[in-house]
Amino acid sequence: MYRYLEQRLAGRLLEFLKLHYPGASLPKVVIEPPPKVELGDFAIPVFPFAKPLRAAPLKIAEAIRAGVGPIEGIAEMQVAPPGYLNVKIDRAWMASALAADQEPPTSMAAGKILVEHTSINPNKAAHIGHLRNAILGDTFVRLLRYAGREVDIQNYIDNTGVQVADVVVGFTHIEKKSRVEIEALASQPRFDYYCWDLYARVSQWYAQDKENLKARSQTLHNIEDANSETAAIAEVISTAVLRRHLETMDRLDIEYDFLPRESEILHLHFWDAAFTKLKEAGVLTYEAQGKNKGCWVMRRAGTTSTTEGTGETEQSDQISEEDQKVIVRSNGTVGYVGKDIAYHMWKFGLLGRDFAYRKFYRYPNQHDCWISAMQGEKDHPHFGDVAEIYNVIDARQSEAQNTVIEALRGLGHNEAADHYTHFSYEMVALTPRCAAELGYTLSDEDKSRSYIEVSGRKGFGVKADDLLDQLIVSAKHEVDSRHPQLTDGERVSVATQIAIGALRYFMLKFTKQSVIAFDFKEALSFEGETGPYAQYAVVRAASIFKKAAIDPDTFFQDSSVSSVAFTKFLTGDNADEFWELWLAASKTSYIVNQCISTTEPAYLAKHAFQLAQLFNAFYHRHPILSETDESRKQFLLATVAIVRRELIRTLAVMGITVPPVM
RNA sequence: GGGCGCGUAGCUCAAACGGAUAGAGCACCGGAUUUCUAAUCCGGUGGUUGCAGGUUCGAUUCCUGCCGCGCCUACCA
């Protein structure tokens, strides 16, 4: 409701200003929450209007206040020095809207959105860095869906690249295993862990003797022949590891709709189609000499082609070597960026080709995840061909992402390029202390750093399943001591919900551009600004209703509950402490919208924490069930019901559920 | 060298679009409830927002320079 009121207010202000100051070029009306509740619920700084309107800020504010007229849902406006217009919400109006759970639909863009996230190389176990990606991506999907958008979730699978080849080398050259032996291993429970260790060994093996690197290039070459034994082995490994990744993410309630694989992008000739168009449009140029002789290159994103001195722009067939990004190697093979360009043309329906599809993984809720195939099933959902895309990919790849966007522009697809968002975030690294705890020996230089980058190649990192297991054990320990009357199964179930809440909250509380220096102590914490803190608030709210034998979900449908009666508690003396809760509860969709427009889910975590914090203080200060004034008791219960509802919603968007007890 | 980003309390982080007294959590110190379960609450200590200029009514936020740190800058992905 807060969002709805804000939009209504903004509209009326603009209307008023246009009418009373015709012709003046007006700056954007900024509406922000004031720093304190006493000041009001919306604040409009009017300083920016002083110059264009040739009037003092206070005069403008007063003119608006006096002239804008009544607005439904707004109680009053006050002018505050040195130049703010503070607006107070009609609390009775808001109380009734919240009690009725009204959220008027807002105008939003149409069209399907595609979110790509996770995209882990299928050659080893997922680690905490991948968790951040998947949790950010999954939460963003939930945000979009909460806002009413239709979303497809894709997880790109690079099953033909160097990383998979390296593990194939490990099995065939170091362990000298046959395909049958590998298949047997691949069906073991945590095959991805096996690959994790093997991958690290392969890197060492390469380092021991440069000659060993020949095995890599030979293997890479063999994988390209789809009918070879090597390709079959790669397929076994990458498919088994991929399945493990889906299982790991499934533990966190993260699902996908479609898994496009690089092998199909190659074998269904997506690249050939893209290559033709890129050459025709002049996006790619052939280098006849220099360091990139024999390659097809593109201008690196972010570089400009101005010639010194004249200031004239060169024709694009002259790119300095530094600014060249190799798309097609001199041996004719295409690199990752090229395949990504083809894939993104497909995403926007610009390629003129499509995958074949088959079912790959079924979730407990019966939802199917599809995978690309050479020959697929006849009936399948329609993927791709979307209006907007978001790619959840870490910041290290922003140059590659921008190169893909520039390629789309070069092809004349500006509309697509404008709707291409690289959802960029920073990596998860380990604190030196954490690295030491894991048994890694650190150089003195490393010890002095604030964080150390995770390295799959070195096997240096915290595996996703291990972290989740540890969180569950730790939560179970707490649950055991608090709820000995429950069965072990029930306690495991509660502990699992808490563990997921802690993990998902932990990954979302940091803003995207902040490097997370991972530390077990912090990640395993269930107190303070954590997921369990928010879950606990909901459990407390629920227990009040349980004891009162009232269903909080249908509380407001009871005819004896009247939101009109609440007004007296929201507007009298000392009402601000209650109003703060109602106001915060009204902001969920406002926050969701803010998260989407800034691609920053951290605001949602803040919102959950704020609601929980306000509730816990309220809970402590006001005994509810023992309240003797019946109308006051109803009001307090209503407050609990509203905050509980919004907190549950907010947590659900973060992918966090609330256990029955804690 | 070039590109991108970061630097805020002892530690980890907030403060979207420039706005009112820069806020949390952890840690530390001191308190609270024989209650709807303390995974809670209340209070306290803790800041020259890296440094120096500039822009303006107003700068943690924008601009310039410097210092420090990270990532990218492969015919890897």
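Note on naming: letters A, B, ... go to the chains in the order of the sequence lines (proteins, then strands), and numbering restarts at 1 for each one.
Of the candidate nucleotides B:U40, B:C36, B:C75, B:C75 has the atom nearest to the side chain of A:S330. Distances from the side chain of A:A617 to the nucleotides B:C42, B:C17, B:U37 place B:C42 closest. Looking at the side chain of A:Y533, the nearest of the listed nucleotides B:C41, B:U37, B:A20 is B:C41. Here B:U40 is the nucleotide among B:U37, B:U40, B:A39 with the atom lying nearest to any side-chain atom of A:N616.
Among residues two or more places apart in sequence or in another chain, the salt bridge (charged side-chain N to carboxylate O under 4.0 Å, His left out) test is passed with A:R54 by none.
Among the protein residues, A:G294 comes within range of no part of the nucleic acid, since none of its heavy atoms lies under 4.0 Å from any strand. Counting any heavy atom pair closer than 4.0 Å across all strands shown, A:Q613 reaches sugar-phosphate atoms only and no base atom. Within the 4.0 angstrom heavy-atom criterion, base atoms lie near A:P48. If you check every strand for non-hydrogen atoms under 4.0 Å, A:R621 touches nothing. In this structure, A:D394 reaches neither bases nor backbone, as no heavy-atom distance under 4.0 Å exists between it and the strands shown. Among the heavy atoms of the strands lying under 4.0 Å from A:H622 is at least one base atom, whether or not backbone atoms are also near. If you check every strand for non-hydrogen atoms under 4.0 Å, A:V164 touches nothing. Note on A:K293: a base of the nucleic acid sits closer than 4.0 angstrom, heavy atoms only. At a threshold of 4.0 angstrom between heavy atoms, the contacts of A:A43 include nucleobase atoms, whether or not backbone atoms are also involved. Residue contacts shown for A:Y286 are absent, as no nucleic acid heavy atom lies under 4.0 Å away.
Using a 4.0 Å cut-off between charged nitrogen and carboxylate oxygen, A:E399 and A:K325 do not count as a salt-bridge pair. Ion pairing between A:R396 and A:D394 holds under the 4.0 Å rule for side-chain N and carboxylate O. Using a 4.0 Å cut-off between charged side-chain N and carboxylate O, A:E6 and A:R3 make no salt bridge.
Comparing the C1' positions of B:A15 and B:G19 gives a spacing of 12 Å, expressed to the nearest Å. B:U21 and B:C4 are spaced 35 Å apart, taking the C1' atom of each and rounding to whole Å. Rounded to a whole angstrom, the distance from the C1' atom of B:C67 to that of B:C28 is 33 Å.
Both geometric conditions, a ring-centre gap below 5.5 Å and a plane tilt below 30°, are fulfilled for A:Y84 over the base of B:A20.
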Nucleotide by nucleotide, 5' to 3', does protein get under 4.0 Å of the base (B), only the sugar-phosphate (S), or neither (-) in nucleotides 3-13 of chain B, counting heavy atoms? ---------SS
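Put simply, the side chain of A:N86 and the base of B:A20 share a donor and an acceptor less than 3.5 Å apart. Counting distance only, with no hydrogens placed and no angle test, the side-chain atoms of A:K521 and the base atoms of B:C26 include no donor-acceptor pair under 3.5 Å.
Pairs passing the salt bridge (charged side-chain N to carboxylate O under 4.0 Å, His left out) check and including a residue from residues 588-613 of chain A, sequence neighbours excluded, read A:E529-A:K606.
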